[in-house]
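Because only heavy atoms are used, hydrogens play no part in the values below, and waters and symmetry mates are left out as well, while side chains stay in. Throughout, a chain's letter reflects where its sequence line sits, starting with A, and its residues are numbered from 1.
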Amino acid sequence: MKDIREDIAWAKINQDVMKSLENPRPLYWVILFFAVLTFGIGIGCEVYQYQMGMGVANLDNPHVWGLYIATFIFWIGMSHSGTLLSAILHLMHADWRKPIYRFAEAMTTFSLMTAGLFVMVHLGRLWQFYYAVPYPNERWVWPNFQSPLLWDAMAIFTYLSSSVLFLFVGMIPDLAIARDNMHSGWRKKLYTLLALGWEGTDRQWRNFRVTYLTIACFLIPLAVSVHSIVASDFGMSQQPGWHVTSFPPYFVAGALYSGCAAIITLFIILRYVFKFEDYMTLPILKKIVRLTFAIAMVWTYLNCVEFASVWYSHDAVSKDLLIQKMTGPYAPFWWAMIFCGSIVPLVFAIKRFQTNIPVLFATSLLLNLGMWLERWMIVSPTFSHGYYPWTWDHDQWPSMIQWGIVFGSFGWFTLLFMVFCKMFPSVSMYEVKEMVYHRTLHLKNNGTAVEQTVEQGVH
Amino acid sequence: MLAGFLMAVACHAATEPLTTEDALGPQIQQPIEFPHYRHAGNRNPVDPTNSDPTKGGMEINCQYCHTYARRSLTAGIPPLQKCIGCHQNIPSVRDKPRIVELFKYWDAKKAIPWKKVHDLPDFVRFNHERHIKRFIEQQGRPVQEVCGYCHGQVKEMTTARRQKPITMGWCVSCHMKDHVVVAKGEIPEGGTPLGKQDYWYTFQKPQEKKNAEGELTAKGPNDCWLCHK
Amino acid sequence: MIDSEFDRRDFLKVLGWGGAAVALSGCGNTSIEDGKETVVSYVQAKDYVIPGVAVYFNSTCAQCDAGCSITGKIREGRVLKLEGNPESPINRGKLCGLGQASVQHHYNPDRVREPLLRKGDKGETISWEKAYGLINEKLAGVKGDEIAFLTGEMSGHQKVLLGNYMDSLGSGNHFVYEAVAPAVVRAANLKAYGVEMPRYRIDKAKVMLSFGADFLGTWVSPVHFAQQYAAFRKGVDGQRGVLIQAESKMTLTGANADRWLAVRPGTEGILALGIINALGIATGDVAELVKDYDKARVSRDTGVEPSHIDKIAAILRLRSPSLVLAGSAAEGYVHGMQNAEAINLLNHVLGNVGKTIEAPVSVPFPQLAPSKGSTASLKKLNDDLASGKYKVLFSIATNPVFTAPASYKFGDNMAKAGFKVAFAHYLDETALQADLVLPLDSEMEDWGTHVPEYLADAAQINIQQPLMERLHANTRGMGDILLALVKQRKPEEYKAFDDYYGFLRFAMLQNKNALGGAEKDDDNFWNDTLSNGIVKLSPASGALSAKADVGGIKLPAPKEADKQYPLRLIASVTSNLRDGRHTNQPWIQESPDPLTTIVWDSWVEIHPKKAAELGVVEGDIVKVTSRTGSISAQVYLFPGIHPEAVSIPIGRGHEAMGRYAKGYGVNPFSIMDAVFERETGELAMHETNVNIAKTGQRVIVVKDEGPVGGKQMGRRVAVSRSTDQVDLSKEV
Amino acid sequence: MSVTNLLDNWAAVRHFHPIDDKPHDPYKWAMAIDLDACIGCNACAVACYAENNLPVVGREKFQHGQVMHWMRIERYWNEDDREFPDQGAEFMPMMCQQCEAAPCETVCPVGATNHTQDGLNSQIYNRCIGSRYCSANCPYKVRYFNWYDYPTTDNVWPAEMNYQLNPDVTVRGKGVMEKCTFCVQRLRAAEVTAKGEGRIVREGEVQTACQQSCPTNAISFGNLVDPESRVHKQWKAQQVDLAKDEQEKDKQEGGSDLRGYRIFEDLRAYPSVMYLERVRESAV
């Protein structure tokens, strides 16, 4: 199986991708509608919460963190695969990433934005969030540089700004194509502005490559550190279930895992909605599926490591908590997490399912559900079964407001993502061309003459 | 990246507190335009023995009227009775419009609705008593100077107007200065050569090294819970 | 100072000082008084009034009858907080939660603010002149016998004034009613020691055996006893005092016992006799009386293990002096008197009388001494009302409609009186039934004197004085109202007194010499009195006429379980709620019950074993049915209760009174059978039998403890050890 | 506000752990609670409500666990399966332990909770942004978050009831964390008075509200540095050292006859509250 057809014409590539900016399938509008709807609900819930106080989320003392933090980690985690695909695989010269890295990078950016929202939503005094920003102020007070939460805020902001930069820089040649394909209108102006005068000269290409590579190199350690820092929100605390040395790699693995699963989901949706069947091919899907399977197993392994280290430690409190997770009020969710996170991915090991789109779609959703549950199971049980027995298990169940904001975040993400895909080329045209070219080279080298039907493309 | 940027900005930031244009606050209309300059202002420089009020101030000690300041964290406003106590014995100004107004309040036994000028946020508690004890009583600095640290040259005003920014950074800037510690009084039993001064400083003992004049110095407390609680 | 005359009322004004804005401020945008622009200043101020600095005045707590002295912290004319007055030998600077909450009584938004006259179902605001006129009018032509007064425990000059008013009306019908009072114990004490309430010296005892006396929580003078208890625990000669508590439902005191014994309800007296038997030191009549009460039988009857009886007898023999108390758990039965007598007998046998049981302090002014409350008086009033004997009824700060057992039908009987006047703080159940409601000052606005029933070291008169200006313009002090009423009858005799303050000052000054003020002039004496808040009188106490009287002690065998109503209902008194007069104070509502940690609601305590038998779990709503009626409440599984009993606390279940009280919980008085103690006629509060039926509903019990209950799950949080493992002698 | 300033002062702001070169002087406020004297009567908790402007949240919010009692009385039972708790209950007054190495302090992103040199764990309401990390990291779960805006909530402080509010204590709005302060308003007032008179606060001069109301004197509070203070004497008699995570008595073989302990000592938070074990008579 080939990752991409080698006989695909460069002009056709332009044509196909540019079409995605014009008329997607009707499903696009259905998705967009629901995205706006859920986002609206989320906004409504947040406004109410802002007015009334955090109590309407049905958090309590001592169960002070809930789904907001869990979903925050979820979104942060989701962002990691974009970087994996666009930066790590770029450095590894994995050609198959080329048709899909653009939307993956977009996913990174938007899920980070969503995660950033949760930092705000979670704050009891949202209107004072700037106290956490280190800037010279008339109060003469710095924030607390010892706090992992502050590192967190900084790391996310850095990651977000770098990701936006990376996404944008990688898009410049394609924006130029879009600019040249548009005849008039505001979009033409927009693309002209964003293309930064790209002409496709040699010098531009050379500088472009270097810049892109540099940002990619910068982004990789950043991505790893961001989630390690999120992990240290927990790892640096003293609470049972959180104070775990293996949390940073565990979080990073979990992040890549949920990100890959999300990529599978979005891959399938985009492929259908924008008719990208020629570019987002099943062999590429198969590669992501295999990658996801590998990461799933790493995650499972790290999970076992955590259980084992808790089990063989002399820390009775942590052990207690682990048992409580398995048997207590959170047991259904905990076991669902194990099922979705470690059992469901076994489907990916079966070859016949590796390209079965309905199965993969369902499975990828389950994986993400599992990963979301994982974050919840990290956050909540520690509160309801911590050190202090008197305050255990105050029947804490998230209120509709809390759920509303969580769902609203999915609406917000989908909205951003879908608008992006309609506005900008979600398949990297220049890189697909590169890929096709590599492919032909490869074939040539193998002595199979392929008639070049390449007409003169734009570049 | 952002953090680095902000760090860089912070490095360049001045060590002086930031003040803004409106830090002095508006001139507030008071029910009676109380002439601070007349009461507390300097005597006529040409003829210091001349106590004719039209020629200058009477140099009344701030604490003569603002009696609560040295006894409480709140400075308070002198009761109306205080004004009357003197003014009923000063018939010469009795028919001045402001005095007439004053007696109207007194006859009605109604408190004068003075407007707040130095209005700290509700969660800030400035302790007048402590500052007066520290600088006037224990260090013997002039009253008007000490009050003026925060209130400005009130003796030149009519009704007071805010003269200092009164922001937190401004407060802190003073607390971070090295203030001279004057050792006076007898050494209490088990005390130190600093005498009674030893426990002035909850958060910082007077420094071992002295300033250029050879005096001991200490900074003000650096504890959030002193003012915010 | 222009106004040098000492007039307390002048400066206790509510002044919205600048500092008050600070009080009501919050963080940033949350401040209540945000945007307040003016500084409110004084026109005139006393020397000692400094804005931002609190002044303190002494007074007396009126939340219960223990008579603790309090010191009120006053800032800018507002009373902020109450502390105990260290000068008082009763509470020595301490104050219980109930006392602390009395500021919430004072500031309560649901207080009655105007005199109200019934117009159909509504109350119409009328003026005081009209109210007084109306009373005068209604009393015209009514014979003294047809007028009844119902009050709680009263003492001091208010009692004197009330007496004078009643004399002027020719009425002798003063009913002193306390829903929770140790009336049976008083009677038993009178028999055993010749006094109703001796002084218990807990601090001198080495062993205490308490039969349901919740002296740390609710009994007689809890703050005083708690302090003595602290000394008792520290020990005489370094030997830590040992507390043994025998009762059917664990009280706060029981929860602090070294040994808590679950006694079958009603068999406390048997256990007492069994212990006398086991002691083996009794002679004569007593030995004769207890000879049948051998261990086996006592154990069978009471449910207490024989080994425990042995151990208790052993420690009582070994450590002397000891102290035995009979409390509400013992007295609430038909044979309550015998129970209490049997228990008191133990003190005689152990020789405690005169050692840990001392003669009470005598009050040199008997007219000021408290009139002691009982439940029998309410029964009598109720019977009289039912027969239509009274035309006018004055109910003064009591709430019998809430605390009378439903079978009394007190509300209906009260309606038979032609004209009902209620002196009230709240529109409670009784005030709602009245024709005329007179709003009372809170104890922080009113003048008064109190002499507590239980006095500590010496006789004392507690002064109650206003801590701040009247909050509502149209409330009046109880003394002022009584004075106005008595003036209607005897205008000549009382014309010298403008108000109750004048009366009180006059009355106190008249006895200045006897009150220890012989060397002072009037003003000095009065000022000192007010500033101390207490007038201490020279100690005077007699001896107890100690005699071990076994006559009349005849304890019935424990009752067989009733087939239809197999469980005993214990209407428990909790330290927060007492008889329910304070339920509208939110701190009280939100302060968890010490034993169950439940807040804002009533509950049915059931032993886990019994609950398993009945198939109920925590939070089940059960219907508790007695012969009188039924109520539904949530179940709480409580290990500290005898399996044959269930317990519902009294104090909640108000149908009126105010926003914090109304509609929270149930009132066990509404299912209490009207059964009375045989000798004293007191209501036997533990004689109601009930059955329990599930309703199928289940709720989450609102309580502070988590669902693991009182388990520590292996964490080292609260640690206990036994006396043989510690050395207390080195402690400071 | 410069970086120099940040670098110079940071350690001074953040570290007042029990380390040798930074002794507490002249104050270290500490407590000792005798569980044998505590009768669980709740007077301290109500006194705390009165002193510190704590809101009454009402039944529904209490059910959701949003109660604001800075001081709670826990009631534990014996855990062996006896039919009756025949040695009574164990009452445990629990409030902020004012840890010397407080887990809450390091994690606050804005530095709203700090250590003061007199050994208190300060909570600055107006600095708090409500991230609730401090509560998440508190082993004792004694921090209480303002889930609602209580000053404007119905029936929390209705008209007149608000006259009772203590002007020395901020009334907290929604979204800030709060906790027991050891009645810092009283401590600061006493410290300032003493400073004005050139002396340190004397034993007995300042009391916390809970201590003041406690009928059995189970709570003692004072300056641990002052050898005259009852707290100092108690800690010393029980050989509990503020700066140790394992006390002498725990090291002794076969146990010791001392009963002072601190909760979760092994977490090395170095709490400032010492509890004295409850005692029960072995002879009955």
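Interface remark: D/Tyr275 contributes no atoms to any contact with chain C (heavy atom separation under 4.5 Å). Neither the backbone nor the side chain of D/Cys44 comes within contact range of chain C, judged by heavy atoms closer than 4.5 Å. Contacts of C/Lys703 with chain D are made by backbone atoms alone, with heavy-atom separations under 4.5 Å and no side-chain atom involved. Of the atoms belonging to D/Ala159, it is backbone heavy atoms, and not side-chain ones, that fall under 4.5 Å from chain C. Using a 4.5 Å cut-off between heavy atoms, D/Phe91 touches chain C through its side chain atoms alone. Heavy atoms of D/Glu74 lying under 4.5 Å from chain C belong exclusively to its side chain. For chain C, the nearby parts of D/Ala50 are the backbone and the side chain; heavy atoms of each come within less than 4.5 Å. For D/Asp34, the part sitting under 4.5 Å from any heavy atom of chain C is the side chain, from C-beta outward, and nothing else. In this structure, the portion of C/Ile244 lying under 4.5 Å from any heavy atom of chain D is its side chain and not its backbone. Proximity to chain C is absent for every atom of D/Pro93, based on heavy atoms less than 4.5 angstrom apart. Proximity to chain C is limited to the side chain of D/Gln238, based on heavy atoms less than 4.5 angstrom apart. Only the side chain of D/Glu90 comes within less than 4.5 Å of a heavy atom of chain C; its backbone N, CA, C and O stay farther away. Using a 4.5 Å cut-off between heavy atoms, C/Arg721 contacts chain D through both its backbone and its side chain. Interface residue D/Met161: backbone and side-chain heavy atoms are both found under 4.5 Å from chain C.
A salt bridge is absent between D/Glu281 and C/Arg259: the closest approach of a Lys/Arg side-chain nitrogen to an acidic carboxylate oxygen does not fall below 4.0 angstrom. Remark: C/Glu305 does not engage D/Arg82 in a salt bridge, criterion side-chain N to carboxylate O under 4.0 Å. One finds a salt bridge joining D/Glu160 and C/Arg113 here, because a Lys/Arg side-chain nitrogen approaches an Asp/Glu carboxylate oxygen to under 4.0 Å. Checked for salt-bridge contact, D/Arg280 and D/Asp86 miss the test: no charged N lies under 4.0 Å from a carboxylate O.
Chain C forms more heavy-atom pairs under 4.5 Å with one residue of D/Ala89, D/Ser282, D/Gly260 than with any other, namely D/Ser282.
Atoms CZ and SG, from D/Phe221 and D/Cys183 in turn, are 8.0 Å apart once rounded to the nearest 0.5 Å.
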